[in-house]
Structures are given as C-alpha cells and as structure tokens.
Asker: 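Handing you this structure, nothing more for now.
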Amino acid sequence: MRLLAAALLLLLLALCASRVEGSKCKCSRKGPKIRYSDVKKLEMKPKYPHCEEKMVIITTKSMSRYRGQEHCLHPKLQSTKRFIKWYNAWNEKRRVYEE
C-alpha cells in the first residue's frame with residue numbers, strides 16, 4: 001500500500017513539474033533580424049499543450065546568412081505581427097511577378 005501511495009505521489013509531482021515547465025513557450029521574446037527575401041517558409045502552428053499561444057516558425061533559405069535554420073518568433077510581439085503582415089504582402093507581389 002505504501003508503495004502504491006509513493007508511486008501516485010511521484011506521478012502527481014511529475015505532472016505538476018511538467019505543467020510548470022510546459023506552460024512556457026519555446027519562442028523567444030526577441031528573434032534575429034530576418035529579411036523577407038531570406039525566408040523559405042513561414043508556418044503558423046496552432047496552440048500545443050506545452051505552449052498556450054500559437055507558434056510562428058520561420059525557416060530560412062540555405063543560401064541566406066542563417067543557412068536553413070528554423071526560428072520561432074513570439075506571436076504576441078508587435079515586430080512579429082508586422083513581419084507576418086509585410087511578408088505576406090511581399091510574397092503576394094513576388095508571386096504576381098513570377099506568373
């Protein structure tokens with residue numbers, strides 16, 4: 001009986017610890033300065049259990065100064081919101097010229 005109680009207590013502590021650590025998002029408050037032309041892919045990922053906010057993942061081109069790295073931008077920052085807005089406008093304009 002004591003072994004079962006100890007196991008349950010340990011499980012409860014592990015769950016509490018994971019919630020404290022898991023409530024933090026992996027996106028940094030300040031990301032690198034990335035040019036629109038360096039972006040290969042922009043992804044908006046939904047909320048995950050370890051993050052209470054959506055995630056903005058940017059993958060850079062292999063020829064850029066960041067060489068194909070992925071960067072997670074904090075979605076609530078004004079700079080991230082502005083980047084997404086201007087990147088989408090730039091991308092649309094680029095598509096029109098390619099056609």
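It should be emphasised that the depicted structure is a prediction, and the values quoted were computed from it without experimental measurement. Just so you know, residue 1 is the first one in the sequence shown, and it goes up from there.
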Asker: For Q69, does its backbone N or O pair with a side-chain atom of T60 as donor and acceptor, under 3.5 Å?
Answerer: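 Confirmed, T60 side chain pairs with Q69 backbone.
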Asker: Give me the atom names and distance for the closest heavy-atom approach of K45 to K54.
Answerer: O-CB, 3.2 Å
Asker: Side-chain contact, heavy-atom cut-off 4.5 Å: I58 with Y87?
Answerer: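 Not in contact.
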Asker: Would you say CH2 of W86 has more than 12 non-hydrogen atoms from neighbouring residues, nucleotides or ligands within 6.0 angstrom?
Answerer: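 No, because the 6.0 Å sphere around CH2 of W86 holds 12 heavy atoms or fewer from other groups.
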Asker: Checking E92 now: which residues fulfil side chain to side chain contact (heavy atoms under 4.5 Å, CB included) with it, not counting sequence neighbours?
Answerer: R95
Asker: Please round to the nearest 0.5 Å and tell me the distance separating atom CG of L73 and atom CD1 of I57.
Answerer: 8.0 Å
Asker: Please check if the number of heavy atoms outside L3 that lie under 6.0 Å from its CG is greater than 12.
Answerer: no
Asker: Is there a donor-acceptor pair closer than 3.5 Å between any side-chain N or O of T80 and the backbone N or O of P75?
Answerer: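 No, T80 side chain to P75 backbone: no donor-acceptor pair under 3.5 Å.
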Asker: Within a strict 4.5 Å, meaning less than it, do heavy atoms of the F83 and V39 side chains meet?
Answerer: yes
Asker: Return the set of residues passing side chain to side chain donor-acceptor pair (under 3.5 Å) with N91 (not counting sequence neighbours), or none when no residue passes.
Answerer: R94
Asker: Atom NZ of K41 and atom CD of E70: how far apart are they, to the nearest 0.5 Å?
Answerer: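 So the gap between those two atoms works out to 6.5 Å.
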